[in-house]
Amino acid sequence: MDFLPFTRPAIDEATISAVGEVLRSGWLTSGPKVQAFETQLCDLMGGRAVRSLNSGTAALEIALDLIGIEAGDEVITTPLSWVATANVVLLAGARPVFVDIDPRTRNIDLNLIAAAVTPRTRAIIAVDLAGLPVDRDALYALAAQYRLRVIEDAAQSFGASWNGRTIGSFGDLVAFSFHANKNLTTGEGGCLVLPDPALVPLCEKLRLQGVVRSPDGTMEVDVAGGKFNLADIAAAIGLGQLPDLAEFTARRRELAQDYFAKFDTTLGCELPVADFVQSNWHMFQVVLPLARMRISRGEFITRMKSSGIAVGVHYPAMHLFRLYRAMGYREGQFPVAEHVGAGIVTLPLFPAMSSADVTRVCLACSEILNEVWA
Ligand SMILES: *Cc1c(COP(=O)(O)O)cnc(C)c1O
């Protein structure tokens, strides 16, 4: 049987040809494809200003810069995310302040945020883990109450929605990633949705060395911008993916539903929230019943691999990384994130998967977990 990866990008032949055309065109970096991609992203986001970037991390870094986050500031976020979410706060010279997660959604527990707010708190970075949106009504009510800015780390929720509105089409700053494993990819890439078109000039300066070009061919620089522009090669991949986004999301929801129908609930795993309307099902993750197992998560993953199935870990609680421990974070501070981070596994889910693949994954989980029951 074929090896089943936990994800695989869906790239069609037309997209491959389109990339070939860019390569033949002689214009590889930011150009007409980037412009066309941004126009389509803007439409998708209800006409809001969107700028493409070369990563989701870049989108977060620029968002923090646009807010004016600096040394001494505090930014509240979740300990259960890709470490980029907190690293960008450190890179901005500020302090990431972790708040534990909700065991059901695995997203930041909004009820715990108020207690973490101090006079130095400037913003909340909310992450839609696995594509399940954080409650936007509650999030923005909190932000308004404590006068905090919001950066939505929507790296995983492109194509998801909240109360019928596409994530990114409303709210404060919204950062998306188009990394190879995300629901829509450009290989590497990302974009930032801006709450106000007046931010576009500064966003563009931060994106590319602070340079502003005049029609007469001269240039001026008044900001030390970075190097975050997307290449046309990458934008061509994105343009090839966008028409399929709705289909990708629908297929992922079907497969997730299939998992719920077939996954043996007597195994003792914690299943994700069964939301087939708002989530884009970026990942299907279960938390293993480690306390009742005679093997570790690592051994479970090895055994799944022997059955030809890849299983990922997204993510260990990041306050336990050495970098964050060195800031004073330690075990026991965020028990829910620690529990989930220790036992979570990502099962295969990607649009080209079949229902038979889901069956195979569920059977392999049953076989292994029934055998190692403590
Ligand atoms: C992927 C991801 C990022 C970073 O995106 P890159 O494009 O890899 O820089 C940030 N936050 C979360 C939650 C992610 O999943």
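Note that ligands are numbered from 1 as they come in the structure, with each ligand's atoms numbered from 1 the same way.
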Salt-bridge criterion met for Asp128 and Arg136 (N-O under 4.0 Å): yes
NZ/NE/NH1/NH2 to OD/OE distance under 4.0 Å, Glu254 and Arg251: yes
Geometric N/O contact Asp153 with ligand 1, under 3.5 angstrom: yes
Which segment of Phe176 sits under 4.0 Å of ligand 1 when only heavy atoms are counted: neither
Heteroatom distance test (Gly56, ligand 1): nitrogen or oxygen, under 3.5 angstrom: yes
Glu331 and Arg325 ion-paired at < 4.0 Å: yes
Proximity of Thr85 to ligand 1 by residue part, where a heavy atom lies under 4.0 Å: side chain
Structural part of Ser81 in contact with ligand 1, heavy atom criterion under 4.0 angstrom: side chain
Ligand 1-proximal atoms of Lys182, by part, heavy-atom distance under 4.0 Å: side chain
4.0 Å heavy-atom contact, Gly189 with ligand 1: yes
Atom 12 (C) of ligand 1 [closest protein heavy-atom partner, distance rounded to 0.1 Å]: Ala155 CB, 3.4 Å
Gln156-ligand 1 polar pair, N/O distance under 3.5 Å: yes
Qualifying residue for ring-ring contact (aromatic ring centres under 6.0 Å, His included) with Phe158, from Phe248, Trp281, Phe176: Phe176
